[in-house]
Structures are given as structure tokens and as C-alpha cells.
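Presented below is the structure to which this report refers.
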Amino acid sequence: MAAFADLSISLDGFITGPDSSEEHPLGTGGRILHEWVYQLGSWRERHGLDGGMESHESAHLQSLIDRTGAVIIGRTMFDHGERYWGSRPPFHVPVFVLTHEPRPPQEMEGGTTFIFWTDGLAAAYQAAKAAAGEKEISVGGGADVVQQCLAAGLLNELHLHIVPVLLGDGVRLFEHRGNHLPNLELTSQSTSGSVIHASFRVSQSGGGVQ
């Protein structure tokens, strides 16, 4: 079973701006990291919107959507995103929310069910694996969940969309990694406008970036 993460990131390594909150989930200035995706046809369709551009980026995003059978996210991402997702969240598959607070599953329109998982990442991964069937697990974030998956050797692929801005502060994707440094093998790269799209294969065989 493969798991992957797909994230936009600033040139100085942040995936949100500072002062992220339920009212401003992307933090101050963080929206700029995602502006490239808002007009893609595959993104708009997933969010119940019409129109959009068909491009290499749209096709790549659609391929990741098609591969996804379950999603793992953290409680902070759920809390910050809930008000914006509304009654029809854009996942359309089971979403396992890592939390310390038990609560019943929450079924939403469009096939999304939020499952609030209190037994830790390893058990959540196994449950998501079962729910995904023949498809794969998408690790949606935030940064702490991605870091946990990297440290546990559960992440096979990392897809980064590098936006040439400097946020200066916020939430870094790679923070406090210590000695848990995976090897990253670049498998593909492309550029659209000013955004660099880079995909990596993740392995745990060493202590750095290849």
C-alpha cells in the first residue's frame, strides 16, 4: 500500500503563513501558495465548481485524485477547514482525522466521511489502508502529520509545488526533523508559470536528500 502527500510550499519552506486560524486557515499571506491550483479543471470539479483550465497540472492533480481511496489529516486541519468545506467536502472518500477527542463519524454529502481516530497514526494508517481497498492513501496534512508519516516510514511519495515567494514565518513542512531524515529521489519535475512542480520517491535507507 502506497501513501503520498501533495503540498504547495514557499521557497523558504512554509506551507502556511503566520497566524493560521479557523478564520484564516492558510495564515497571513498563505493563500498565494495555492493560487496556481484554483483555476485547474480537476480542482474545480472536485470542489463542485464549473469550468477551469485543462493542463499538465490539471491532469497531474486528477491522477492523484483518481489514486486516492482514503485520506489522513490532523485535527487542526479539520478544525481549520471545516467551515470552508461546508456540507460537501472535496475529499469524496473516507477521511481519518487524528485526534485525542473521541466523536462519532461524520457523514457528509458527496461520499466524504470523517472518522475521528484516537488510537494513533499506525492504527489510523491500517484502517485507512483497509478503507482504500485497491487505491492509495493521501496524507493531507498538516505539516505535523506529514512529519509523523515520514518518521514512521509510511510515506512513499512527496509531491511539492514550489511557489517562488518568501513568507518568512508560518508552519514549515520540514521542522524539527532531527535524525529522521529520509532519502528523496527526484522522479519528475516541471514548471508552469513561476511554479515548480517536483515529485519525489521517499525511502528510509539513509539520512539525507539524494
Side-chain angles (χ1 to χ4, degrees), residues 1-9 14-27 30-31 33-34 43 46-48 64-159 170-178 180 182 202 204:
M1 166 65 65
F4 63 87
D6 180 54
L7 301 150
S8 292
I9 187 169
F14 296 99
I15 61 170
T16 75
D19 304 318
S20 175
S21 65
E22 291 184 25
E23 185 175 356
H24 301 288
L26 299 178
R31 181 181 172 84
L33 298 179
H34 303 274
W43 185 90
R46 192 181 192 192
H47 287 76
L64 296 181
I65 292 170
D66 292 342
R67 289 167 55 183
T68 301
V71 176
I72 296 176
I73 65 174
R75 180 59 187 268
T76 298
M77 181 175 175
F78 173 81
D79 288 342
H80 287 189
E82 185 178 20
R83 63 183 294 181
Y84 291 93
W85 297 329
S87 62
R88 189 181 175 87
F91 302 102
H92 312 298
V93 295
V95 178
F96 292 81
V97 182
L98 300 178
T99 180
H100 298 294
E101 180 184 344
R103 57 185 286 187
Q106 186 173 334
E107 294 186 13
M108 311 295 290
E109 297 177 16
T112 299
T113 298
F114 292 109
I115 301 160
F116 300 90
W117 199 267
T118 59
D119 291 337
L121 174 62
Y125 180 87
Q126 293 302 319
K129 178 179 177 181
E134 296 182 357
K135 293 192 174 185
E136 300 171 36
I137 299 169
S138 172
V139 179
D144 182 64
V145 174
V146 175
Q147 292 166 18
Q148 288 184 57
C149 288
L150 284 169
L154 300 178
L155 205 62
N156 305 96
E157 297 176 18
L158 189 59
H159 302 273
V171 176
R172 290 187 184 275
L173 178 58
F174 302 110
E175 191 76 274
H176 309 303
R177 295 296 305 140
H180 299 290
V202 181
Q204 304 295 320

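- Counting heavy atoms from C-beta outward, Ile72 and Leu98 have side chains that approach closer than 4.5 Å.
- Taking each heavy atom of Ala70 and Ala131 in turn, the nearest pair found is CB-CB, 4.4 Å.
- Separating the CZ atom in Phe96 from the CD atom in Gln126 is a distance of 11.0 Å, to the nearest 0.5 Å.
- Nearest approach of Ala143 to Val171, heavy atoms of both residues: CB-CG1, 3.6 Å.
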Donor-acceptor pairs under 3.5 angstrom involving side-chain atoms of residues 113-122: please list them, not counting sequence neighbours.
none

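- For Ser8, the side-chain contact (heavy atoms from CB on, under 4.5 Å) partners are Leu33, His34, Trp36, His161, not counting sequence neighbours.
- With Asn156 contributing its side chain and Ala3 its backbone, the two residues share a donor-acceptor pair below 3.5 Å.
- Under the side-chain hydrogen bond (donor to acceptor under 3.5 Å, both in side chains) criterion, Thr112 pairs with no residue, sequence neighbours left out.
- The two residues Pro94 and Gly69 come nearest to each other via the heavy atoms CD-O, 3.6 Å.
- At a threshold of 4.5 Å between non-hydrogen side-chain atoms, the residues Glu22 and His80 count as touching.
- In this structure, Val202 and Phe4 have side chains that are not in contact, with every pair of non-hydrogen atoms separated by 4.5 Å or more.
- Leu173 contributes atom CG, which lies 11.0 Å from atom CG of Asp144 (distance to the nearest 0.5 angstrom).
- No donor-acceptor pair closer than 3.5 Å links the side chain of Tyr84 to the backbone N or O of Pro89.
- Interatomic distance, CD of Glu157 versus CG of Leu64, reported as 8.0 Å (0.5 Å rounding).
- Note on residues 75-101: pairs passing salt bridge (charged side-chain N to carboxylate O under 4.0 Å, His left out), not counting sequence neighbours, are Arg75-Asp79, Arg75-Glu101.
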Checklist entry - Does the pair Val93 and Val71 meet the rule for a side-chain contact (heavy atoms from CB on, under 4.5 Å), with working shown? => result CA-CA 7 Å; Val93 295; Val71 176; 3.8 Å; yes

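- Remark: side-chain polar atoms of His92 are paired, donor with acceptor, to backbone N or O of Arg46 under 3.5 angstrom.
- Taking CE of Met77 as the start and OG1 of Thr16 as the end, the distance is 11.5 Å to the nearest 0.5 Å.
- Ile15 contributes atom CD1, which lies 11.5 Å from atom CZ of Arg172 (distance to the nearest 0.5 angstrom).
- Qualifying salt bridge (Lys or Arg N to Asp or Glu O under 4.0 Å) partners for Arg103, counting only residues two or more places apart in sequence or in other chains: none.
- The ring pair (Phe, Tyr, Trp, His ring centres under 6.0 Å) search around His47 returns Trp43, not counting sequence neighbours.
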